[in-house]
> 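A single structure is presented below for examination.
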2 protein chains.
Amino acid sequence: MDFLRPELIPDPTVRRLSLYLRQLEVVHRQERRTISSRQLADSLGLTDAQVRKDLTYFGTFGQPGVGYNVSELVARIRRILGTDQQWNVLLVGAGNLGRALLSYGGFAAKGLSIVAVFDNDPAKIGQSIADRPVQPLEAITDAVRQHDARLAIVAVPADSAQEVADGLIRAGIRGILNFSPSRLNVPPTVALQAVDLALQLEQLTFQVSLNSMTRSGARHP
Amino acid sequence: MDFLRPELIPDPTVRRLSLYLRQLEVVHRQERRTISSRQLADSLGLTDAQVRKDLTYFGTFGQPGVGYNVSELVARIRRILGTDQQWNVLLVGAGNLGRALLSYGGFAAKGLSIVAVFDNDPAKIGQSIADRPVQPLEAITDAVRQHDARLAIVAVPADSAQEVADGLIRAGIRGILNFSPSRLNVPPTVALQAVDLALQLEQLTFQVSLNSMTRSGARHP
DNA sequence: TGGTGTGAATCCTTTCACAGCC
DNA sequence: GGCTGTGAAAGGATTCACACCA
């Protein structure tokens, strides 16, 4: 990890790392000790060479003739992805989506915890959602400091998303998960992931349209 | 469209098509008549050559010296993506996420309409959510026929997702938007898009970890 | 034998650069 | 001059194939 040259790591590799981790956690629960690149690849519909190449970006931890030690690999991938740490997250937007996210179990599993909720609707401010009081946007800066929060979720309408993001960045947030259907502009020091439902819906209608035209196969993600 | 050889169209191209459409809709609302590949590219952080190459996969509709006719291009991309049609969608899973999706405005904008809701929890069946009664899973097959539904959203826990997907596919569904954190197995005739929150969270923590290690820049999606 | 790690080869995507048109 | 459409070149990612190890 420490000798990592991050700019050389292909983006697709990092994405697959998450898939490897998920599958390895399954295998780990089954108390399997080791796994080969072939076995891991087959369970995910990939090739063994790809698994090996991906992993060697981060070091060399397989044993020829044996494979990879499952629990060691789990620990190392968690460390690489950063989910071995605790992450405090701010949620901006207390609408239906915000509510759904607050009850989503997946955050805790990755060491993430939503520590505060914000909205600009006076009617919502002061209400409690899942035991967290909804605060005005002006309280963001203090909350970042108080909770040492590095991540934020933007779940507001498109027309206020950029404004919210700017505020979060000024307050010192280092990564944003954007649920609004808008392209956020952030400096290169701030990481950005977008959950773009409209885009994915269009990919789906495109694929289905194509399939029914051609009667051939669909592409899979 | 009719002379389209779908297997040749790169996946990234189809993804960008959605981005083009979104930006073109903005420009269209501003009553701009034409747009050049350069202008479109700049607004999305891409190159002009990429825009032109992407578009030529679907035909040739620019005018040298002038650019692309905005409203024509909007109409053609909508047609390509299939969002010029009406799509009836089944929603499986009436939890918090399902509820949030029912109130999400983006579906209607893409011609999608959630026509029925299903859940296997007896306590939920019969309840109404956003004017739609929650039905048992057994009612799926009839609903597909009745509404001529081709798409479905899977918003159930990971352990029942595959089972639900199998049922949907048997009932004739042609495309699935999967919100559960599990890899669904579907035949190649069924299109699949996954909204993988756990994966995106890990990409985010990875990028932020990297940034704070290297003090250099983050990659952007 | 079964398996990793990795250079070389292949495949795919993006960018370049320019002929041709308005 | 401005802009599209497109072959050719460059750049990345994936797969191949094999040396080497347990």
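Per chain, numbering begins at 1; letters A, B, ... match sequence-line order.
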> State plainly whether the residues Glu25(A) and Arg29(A) are in salt-bridge range, i.e. N to O under 4.0 Å.
no

> I'd like to know if Arg22(A) and Asp196(B) make a salt bridge, using a cut-off of under 4.0 Å between side-chain N and carboxylate O.
yes

> Return the value, rounded to whole Å, for the distance between atom CD of Gln63(A) and atom P of dG3(C).
12 Å

> Quickly work out the Asp42(A) CG to dT15(D) P distance and round it to whole Å.
13 Å

> Tell me: CG of Asp48(A) to C1' of dG3(C), nearest whole Å?
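It is 10 Å, rounded to the nearest whole Å.
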
> Could Arg52(A) and Asp48(A) be called an ion pair, given the rule that one side-chain N must be under 4.0 Å from one carboxylate O?
yes

> dG3(C) C1' sits how many Å from Leu40(A) CG, rounded?
14 Å

> Hey, what do you get for OH (Tyr104(A)) to CD1 (Ile153(A)), rounding to the nearest 0.5 Å?
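It comes to 10.0 Å.
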
> Can you list, by residue number, the residues of residues 29-39 of chain B that have a non-hydrogen atom closer than 4.0 angstrom to DNA chain C?
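Residues of residues 29-39 of chain B under 4.0 Å from DNA chain C: none.
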
> Could you pull out the closest heavy-atom pair between Gln200(B) and Ala194(A), with the gap in Å?
NE2-O, 3.1 Å

> Summarise protein proximity over nucleotides 13-20 of chain C in one line of letters, 5' to 3': B for base, S for sugar-phosphate only, - for none, counting protein heavy atoms closer than 4.0 Å.
SSBBB--B

> Which heavy atom of Gln39(B) sits nearest to which heavy atom of Thr34(B), and what is that distance?
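It is OE1-O, 4.5 Å.
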
> Taking only the side-chain nitrogens and oxygens of Tyr68(B), find out if one of them lies under 4.0 Å from OP1 or OP2 of dG2(D).
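So the side chain of Tyr68(B) is outside the cut-off, no N or O lying under 4.0 Å from OP1 or OP2 of dG2(D).
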
> Using heavy-atom distances to pick each residue's nearest nucleotide on DNA chain D, tell me which of Val66(A) and Gly62(B) is more 5'.
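Of the two residues, Gly62(B) wins.
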
> For a side chain to side chain contact (heavy atoms under 4.5 Å, CB included) check, start with the C-alpha distance between Val89(A) and Phe107(A), then their side-chain angles and the critical distance, and finish with the verdict.
CA-CA 10 Å; Val89(A) 183; Phe107(A) 288 108; 5.6 Å; no

> List the steps, then state whether side chain to side chain donor-acceptor pair (under 3.5 Å) holds for Asn211(B) with Ser209(B).
CA-CA 6 Å; Asn211(B) 281 357; Ser209(B) 302; over 6 Å; no

